[in-house]
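Structure first, then comments.
Chain naming here is simple, since letters A, B, ... match the order of the sequence lines and numbering starts at 1 in each.
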Amino acid sequence: MLSFIILLPLIAALMVLVVPQGYCRRVSWVSAWMALALVVAGAPGLAEVLGLTWRAELAWMDALGVRIRLDNDGLSYLLVLLTALLYPLSLWAVPASSVRKPRLYDALLLFTQAPLFGVFLARDALIFYIFYELALIPIFFLVAFWGTDPSRRITMKFFIYTLAGSLFLFVAILYLYLQTPQPHSFAFDTLYALPLTAEQQALLFAALFFAFAVKIPIFPFHTWQPDTYTAAPLGGSILLAGIMLKMGIYGLMRLAVPVIPSALEHWGWLAMVLCIAGTLYGSLVALRQTDLKRLVAYSSLAHVGLIAAGVLTANSSGWQGAALQMFNHGIIVFALFFSVDLLERRYGTRQLNQLGGVAAHMRHFSWMFALVLLASVGLPLTNGFVGEVLLLNGLFQYHTTAAVFAGLAVVLSVAYMLRWYRLVFFGAAHQEPKTDVRPAEAVALSVCLVLILVIGIYPLPWLQMTEQVTSQLLSIMHHPTAVKP
Amino acid sequence: MSVLLCLTLFGVLAMVGSGFRWATLVPLLSGLGFVATAVLLLYGWNSNEHVLNGMLVLDNAALAFSLVVLLACSVTALAVQELTAAQPFKAEVQAVLLFALIGAVVMTSYTNLLLLFLGIEIMALSSYVLTGLRKKDTLSNEAALKYFLMGAFSTAVLLLGMAFLYGASGSFELAAIAPKLTMQQPSALVLTGTVLMLSGMFFKVSVMPFQFWTPDVYQGAPTIVTGFLATAGKIAAFAALLRLIEKGLFPLSEQLEWMLAPVVALTVVAGNLMALWQKSQKRMLAFSSIAHAGYLLLALVVVNEMTADAVLFYSVAYLLAAFMAFVLLDLVEQHAGGDRVEHFNGMAKHHPLMAGAWTIAMLSLAGIPVTAGFMGKFYIFSTALSEGQVLLVVLSVVGSIASVYYYLRPVLAVFSDGGSWAGARVSVARKVMVVALMFLTVFLGVVPSLLTDVLR
């Protein structure tokens with residue numbers, strides 16, 4: 001019944017709206033920590049010892065075969081954990097005193113957490129969809145009202161673009177639902193067992209891939225992403241890049257690939273080309289960026305393109321890598337956005353050419369950031385390495401050319417990240433010396449660093465967590481009964 | 001019979017009352033009338049009462065749609081009391097609303113085409129009167145006149161269609177017409193009659209290309225009345241159209257699909273696109289109501305056992321959100337002096353609850369989850385998809401995507417700074433009504449099973 005964790009942030013959000021101003025942040029804190037504690041208590045292995053279960057099934061619209069089906073497995077757990085983990089961090093990163101209208105801000109932030117949990121725990125396609133789209137509403141307001149100047153126009157583009165994607169997801173889900181035997185059902189298990197013709201699968205693949213590609217985003221459906229990430233306030237960027245885009249990749253793994261295997265076989269290469277092209281494109285554009293937040297946005301585009309490519313390989317190495325790298329990317333992108341924000345607060349700018357010589361007077365920040373950077377480019381002993389090796393290995397099994405180009409993108413990522421480091425941390429100082437990283441800021445970065453190193457040095461338990469479920473989902477795809485006429 | 005008698009009694013009392021000193025009590029009286037009618041309608045559930053020798057059959061579908069229209073009429077009756085234009089005619093307006101409901105009950109329960117005509121006329125006459133409520137205002141007068149001319153013309157077309165069908169089948173009874181249509185290949189007479197009847201109905205529900213009166217009439221009418229026209233009028237007409245197809249014209253399902261599908265495609269695409277360009281939010285809501293009529297019509301393209309339920313759910317969802325929107329728009333017009341996007345600025349600062357309600361209303365109209373509007377779209381789309389209407393559903397989805405833009409623009413405005421809201425007061429009655437509508441919109445989105453499978 002741990003799945004009712006979905007309700008926790010909702011209740012907290014409502015409380016934030018009514019408690020006296022001074023207590024808003026405290027309520028948010030309690031909610032974020034309680035969620036994290038519950039998620040940790042529900043870890044595979046620990047949950048059984050504690051006698052807790054995630055599985056829940058409730059009647060909702062029985063007339064139409066919609067039930068609230070929730071459950072958890074390694075893949076879901078990893079993302080639920082990421083969500084629970086990033087919440088205290090992003091509350092920590094943005095003190096209530098530094099935002100306008102802190103009450104509404106906290107309420108919206110918490111209100112986003114519920115659908116994020118929901119998406120990852122749902123085992124019913126309609127419930128999945130409802131949470132998928134619901135997560136968009138609070139983030140829309142977060143970016144529109146707390147973002148930097150032209151954010152209205154940018155948010156509108158972001159919202160309409162992603163909504164366009166999710167409405168195609170909606171149609172695809174409805175179509176699948178109507179193919180199920182009477183009484184119709186949205187349950188994932190029922191959808192997995194559907195016999196679909198190659199033609200149906202191709203159309204569904206187009207709709208599903210478009211839906212998730214917008215969310216992830218995959219080139220050329222990414223145009224909303226750099227603007228939105230840049231204009232969004234720190235909390236919004238973290239949620240968007242850290243968690244929300246994983247909904248797309250997760251959807252690809254949970255809903256697209258197992259349901260339409262033959263389309264993936266026939267058309268997967270096309271999607272793969274887009275993913276790899278996006279990875280290269282993101283890396284190349286990142287090389288030329290002068291705004292650090294935009295640089296992170298484009299590097300994120302490159303990284304998630306690689307993850308999506310790993311999913312499309314449909315082999316266990318690619319999937320394991322994708323699952324782990326989703327988690328890693330969440331941690332790293334948080335650290336990157338946080339660092340950019342820190343630099344901007346200190347120096348009043350995030351332009352590469354206006355910064356320089358930071359290492360001279362922010363020594364602790366420099367080495368901390370160096371570690372984050374190394375994890376981002378996938379140096380051994382960091383978590384990024386484990387994920388990227390698995391992804392590249394999966395790509396090699398898929399097709400050598402794909403792996404070669406993806407590898408090229410990884411090399412490029414080293415180039416643009418080191419360029420960042422060189423220009424900002426070394427070189428001549430353009431500005432007055434500033435205080436080094438404060439203890440409170442160091443805490444947030446240290447949490448990331450610990451995770452980066454722990455996963456990097458001993459990745460086995462994390463990989464074991466997703467092993468069973470990825471092989472299960474892949475076997476649905478490759479199973480002989482799933483070979484559909 | 002009791003329903004009609006009750007409504008007539010209260011309607012006449014309200015009408016007569018306007019001349020006496022107790023005229024101020026008339027709103028109370030009409031409230032009583034609405035409650036009594038609601039009780040009678042609920043009491044008749046499953047009874048299948050035959051009225052006027054079976055020319056009206058109050059089956060569950062008729063009762064359910066009558067209740068929905070009753071809800072629309074009663075919230076109009078409540079909201080209209082604050083309308084300055086309605087002050088001199090407080091009692092008459094209540095009477096007219098009660099009469100409109102009589103028309104709606106007849107429209108939703110007819111089994112005889114003549115009664116359909118009667119019902120439409122009763123409701124339409126009431127609507128013309130309400131549209132022209134602002135006697136001294138030229139726009140209001142223009143709207144009333146336009147509405148009257150167009151309405152009269154469309155009923156004439158409808159009547160002509162009925163005559164053709166009568167010629168082909170020898171009867172006005174739906175039950176007698178249907179078997180005649182089954183037996184033979186549809187003759188030219190039948191097809192012409194059907195097309196003419198449908199055209200008449202399309203005017204009433206305002207789908208494209210029969211929509212051109214809508215924006216002007218909706219803009220000219222007092223905003224609360226526009227809310228009434230867009231909800232009560234439309235829903236009653238849809239209930240009538242559904243009944244016509246379900247009980248009378250269903251043997252022509254193949255031809256109906258050909259007649260309805262292009263109309264739906266045009267309405268959902270063009271309706272939404274035209275709404276995009278509107279500066280006046282009232283006109284925006286008018287075009288949005290056209291688009292919503294398109295979604296509703298989508299469910300009727302191929303009628304199956306789910307259709308009535310889907311239409312019912314969507315009607316309720318649309319009624320709640322659209323009426324809420326019109327009530328709030330009226331508020332904006334009063335306090336900010338206009339209905340353009342910038343007039344919404346600053347609403348959240350002074351009236352956070354109203355701003356929240358506006359947001360919910362727009363999200364529901366846009367069909368975002370956990371609002372009734374989403375579940376309504378879900379119901380309609382799955383009904384249409386189950387009959388293989390993939391293309392129409394995709395077009396509707398494209399329309400919905402466009403609609404998000406014009407629905408969210410005023411939402412963003414509501415939360416921005418500026419505006420002239422300082423000192424603006426919202427009456428308690430209006431607050432209560434808006435909160436109730438908002439609550440119902442969300443509640444129906446979270447617990448949709450309340451209203452699914454009511455009619456099957």
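Between the CD1 atom in Ile360(B) and the CG atom in Leu320(B) there is a gap of 12.0 Å [rounded to 0.5 Å]. Remark: Leu142(A) CG to Leu108(A) CG distance equals 5.0 Å, nearest 0.5 Å. Atom-to-atom distance recorded for Ile11(A):CD1 and Ile6(A):CD1 is 11.5 Å, nearest 0.5 angstrom.
Contact of Phe131(A) with chain B is not made at all, since no heavy-atom distance falls under 4.5 Å. If you measure heavy-atom distances from Leu363(B) to chain A, the contacts under 4.5 Å come from the side chain alone. The part of Ile137(A) that comes within reach of chain B is its side chain, from C-beta onward, which places non-hydrogen atoms under 4.5 angstrom from that chain. Only the side chain of Leu126(A) has a heavy atom closer than 4.5 Å to any heavy atom of chain B. Using a 4.5 Å cut-off between heavy atoms, Met156(A) touches chain B through its side chain atoms alone.
At a threshold of 4.5 Å between non-hydrogen side-chain atoms, the residues Lys279(B) and Val341(B) do not count as touching. Put simply, the side chain of Leu242(B) reaches to within 4.5 Å of the side chain of Phe65(B), judged on heavy atoms. Using a 4.5 Å heavy-atom threshold, the side chains of Val411(B) and Phe141(A) count as touching. Using a 4.5 Å heavy-atom cutoff, the side chains of Leu196(A) and Ile260(A) are in contact.
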Let me see the donor-acceptor pairs closer than 3.5 Å between chain B and chain A, or none if nothing turns up.
| unit_1 | atom_1 | unit_2 | atom_2 | d |
| --- | --- | --- | --- | --- |
| Val446(B) | O | Trp60(A) | NE1 | 2.5 |
| Ser449(B) | OG | Trp60(A) | O | 3.0 |

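The aromatic rings of Phe212(A) and Phe128(A) sit perpendicular to each other, their planes meeting at more than 60°, with 30° as the lower class boundary.
Contact tally against chain A (heavy-atom pairs below 4.5 Å) for Val394(B), Val393(B), Val404(B), Leu408(B): the top residue is Leu408(B).
Checking side-chain atoms of His351(B) against main-chain N and O of Ala348(B) turns up no donor-acceptor pair under 3.5 Å.
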